[in-house]
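One-based numbering, in listed order, for ligands and for the atoms of each.
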Amino acid sequence: MATGNINVSVENIFPLIKKFLYSDHEIFLRELISNATDATLKLKHLANIGEAKIEYGNPVIEVKIDKDKKQLHIIDQGLGMTTEEVEKYINEVAFSGAEEFLEKYKDSAKDSGIIGHFGLGFYSAFMVASKVEIITKSYKDEPAAHWICDGSPTYSLEAHDKTERGTEIILHIGEDDTEFLEEARISELLVKYNKFMPVSIKFGTKTETLPKPEDAKEEDPAPTQEVDNIINNPNPAWTKQPSDLKDEDYKSFYRELYPMQFEEPLFNIHLNVDYPFNLTGILYFPKLGQDMNMQKDKIQLYQNQVFVTDNVEGIVPEFLTMLRGVIDSPDIPLNVSRSYLQADGNVKKISSYITKKVADKLNSMFKNSREDFEQKWNDIKIVIEYGMLSEDKFFEKADKFALYPTVDGSYFTFEELQEKIKDTQTDKDDKLVILYASDKDEQHSYISAAKEKGYEVLLLDSPIVSHLIQKLETSKEKISFARVDGDHIDNLIKKDEETVSKLSDEEKETLKADLEKIIPTDKYTVQLEAMDSDASPFMITQPEFMRRMKEMQQTGGGGMNMFGNMPEMHNLIVNTNHELIGQIKDTKTDKKKERLIKQSLDLARLSQNLLKGEELTNFIKRSYDMIK
Ligand code: ADP
Ligand code: MG
């Protein structure tokens with residue numbers, strides 16, 4: 001039997017491993033199963049090239065708990081190690097790997113943005129075990145070896161009588177880590193990290209029901225048998241060629257990824273590159289609601305089918321983190337901080353590749369089946385609009401297929417919209433005026449006023465729409481957006497001829513003074529306008545600029561804080577050509593005049609949903625009094 005010292009100079013590596021990686025103890029299992037997988041796939045390769053004269057068969061990696069002995073076993077049927085190989089790979093290579101890792105980790109630990117912790121490898125076993133044994137038999141014709149190390153830098157290495165090929169790792173679980181002797185905990189970890197690993201993983205057995213034999217009686221129970229409980233799918237959809245997959249395969253893989261998700265995805269994008277970096281994956285567009293934050297962190301990052309993390313920040317562009325699915329790339333550096341990651345050349349290329357693929361897919365859907373694309377628009381617009389705001393490259397592409405729905409359910413691209421309204425909707429400076437509403441019900445009266453004049457009204461209701469509008473106004477020439485309730489339509493859009501006021505300047509002045517006596521001027525700015533006689537007598541509007549700044553502030557970015565603190569100011573537009581206004585002007589008694597003005601103001605507020613509480617109660621009471 002040989003004994004030795006691993007390396008005296010770094011005697012304290014084991015306590016270090018425990019200390020530094022405290023919160024990440026669970027990754028030991030991923031590391032050991034990764035090693036078992038590597039060993040199995042290496043053997044497969046050697047058998048394929050004729051170097052190992054063995055029957056490869058259908059190897060399985062087994063994970064076993066021995067609760068009484070407080071042991072966890074990881075057993076593979078891979079290529080195994082000879083005594084010399086244990087000396088070399090475990091005592092030297094694995095150790096130096098662990099050492100190097102800790103060197104790196106010490107610095108980056110301060111930077112809380114560490115992603116997975118790949119690289120610690122075999123020695124991560126000591127995070128949870130007070131003693132580790134390796135019993136291993138090489139595929140070569142040499143005796144098996146038995147390595148034991150109790151966490152101090154000394155180990156023992158001797159021969160063992162194991163005859164079947166492969167490696168068994170035995171962890172003597174430490175007192176602080178007995179959770180790893182619980183079946184439920186191990187099962188949880190296997191599902192989290194190893195669900196799609198390329199070699200079958202067995203954890204216990206399960207009972208399978210067999211068909212009843214023909215001569216069985218009705219009351220006889222169906223026969224059962226115990227079979228291996230395989231916890232993984234070694235051939236997940238993303239590792240296959242897109243041409244080998246049908247729509248249903250993508251859907252069923254989605255269900256595999258998100259078993260608790262009952263809604264089907266809208267469509268998917270299969271990623272597959274091998275130059276200048278390696279990346280495979282499938283991204284799904286789920287039906288997205290309006291809440292942007294709820295949707296994040298559903299994309300899973302893998303390296304060679306080993307789960308790493310579900311935080312893909314920095315790798316996938318921000319606006320696409322609302323999607324779901326899997327990305328698998330060996331070319332993403334993992335034991336580095338996020339700030340380093342974002343500066344990494346490969347990662348930048350990966351991020352722009354993903355953006356481009358998503359834009360191309362959307363574009364081809366738009367071109368090939370416009371109707372279908374329109375139907376999906378409401379569920380995908382938030383991603384597209386967010387992308388247009390945050391990535392200029394994406395904006396350029398999406399500008400061709402981004403849709404602008406109208407209140408009547410037609411969909412225009414920006415270009416189509418411009419074409420449609422160029423002769424009818426311009427302002428005094430010949431800018432195109434794009435009218436929009438954000439809520440069909442609340443802005444109903446304004447929408448119908450605009451439609452009566454033959455104007456198109458868009459329905460833009462996503463939470464970031466004010467940002468998008470701002471972006472469009474700055475990146476395109478001679479356009480402006482105006483919400484239908486932002487101003488009177490005739491003030492927004494140039495008409496062929498001016499409407500003449502039925503009132504003289506003097507009459508207007510008296511009227512204005514009368515109105516301002518009754519109307520609270522700290523809330524409403526009174527504006528007299530000559531409009532068509534059938535336009536509303538009183539109309540409340542909120543200046544576009546002010547409203548937009550407030551909205552932008554609520555959804556983050558843009559706008560300064562002052563807008564949030566400003567009192568709500570509205571304009572009260574009074575149509576001097578309306579019969580009722582003439583009547584108010586001519587009313588002799590002050591009391592009656594006041595009543596008419598109050599009632600009209602309340603009606604205007606009512607149509608803007610601004611009449612509430614006590615004022616609403618009083619209004620209703622007054623109205624009943626008037627009609628009784
Ligand atoms: P890495 O996997 O990155 O090489 P590890 O520390 O995980 O580093 O493992 C060190 C080495 O020990 C491996 O490269 C391999 O040669 C050997 N090894 C570890 N586990 C096994 C195993 N189950 N079967 C055969 N060899 C193994
Ligand atoms: Mg390893």
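- Partners of Asp76 under the side-chain hydrogen bond (donor to acceptor under 3.5 Å, both in side chains) rule, at least two apart in sequence or in another chain, do not exist in this structure.
- Counting the atoms of ligand 1 from 1 in the order shown, those under 4.0 Å from a heavy atom of Ile90 are 12 (O).
- Under the 6.0 Å distance and 45° angle rule, Lys471 counts as a cation-pi partner of Phe395.
- Taking the six-membered ring wherever Trp is involved, the centroid distance between the rings of Phe373 and Phe267 does not fall below 6.0 Å.
- The closest approach between any non-hydrogen atom of Met81 and ligand 1 is below 4.0 Å.
- Nearest to atom 15 (C) of ligand 1 by heavy atom, out of Glu85, Lys88, Glu168, Lys42, is Lys42.
- Between the Mg ion (ligand 2) and Asn35 there is an N/O/S contact shorter than 2.8 Å.
- Between Lys393 and Glu396, no side-chain nitrogen of the basic residue sits less than 4.0 Å from a carboxylate oxygen of the acidic one, so the salt-bridge criterion is not met.
- Sequence neighbours left out, not one pair with a member in residues 149-159 passes salt bridge (charged side-chain N to carboxylate O under 4.0 Å, His left out).
- Annotation: Asp76 places an N or O atom under 3.5 Å from an N or O atom of ligand 1; distance criterion only.
- Near Ala39, the atoms of ligand 1 lying under 4.0 angstrom from a non-hydrogen atom of the residue are 22 (C), 24 (N), 25 (C).
- Checked against a 3.5 angstrom limit, the closest N/O atoms of Asn35 and ligand 1 fall inside it.
- Of the charged side-chain nitrogens involved, none lies within less than 4.0 Å of a carboxylate oxygen, so that Lys42 and Asp38 do not count as a salt-bridged pair.
- For ligand 1, the atoms lying closer than 4.0 Å to a non-hydrogen atom of Tyr89 are 10 (C), 11 (C), 12 (O), 16 (O), 17 (C).
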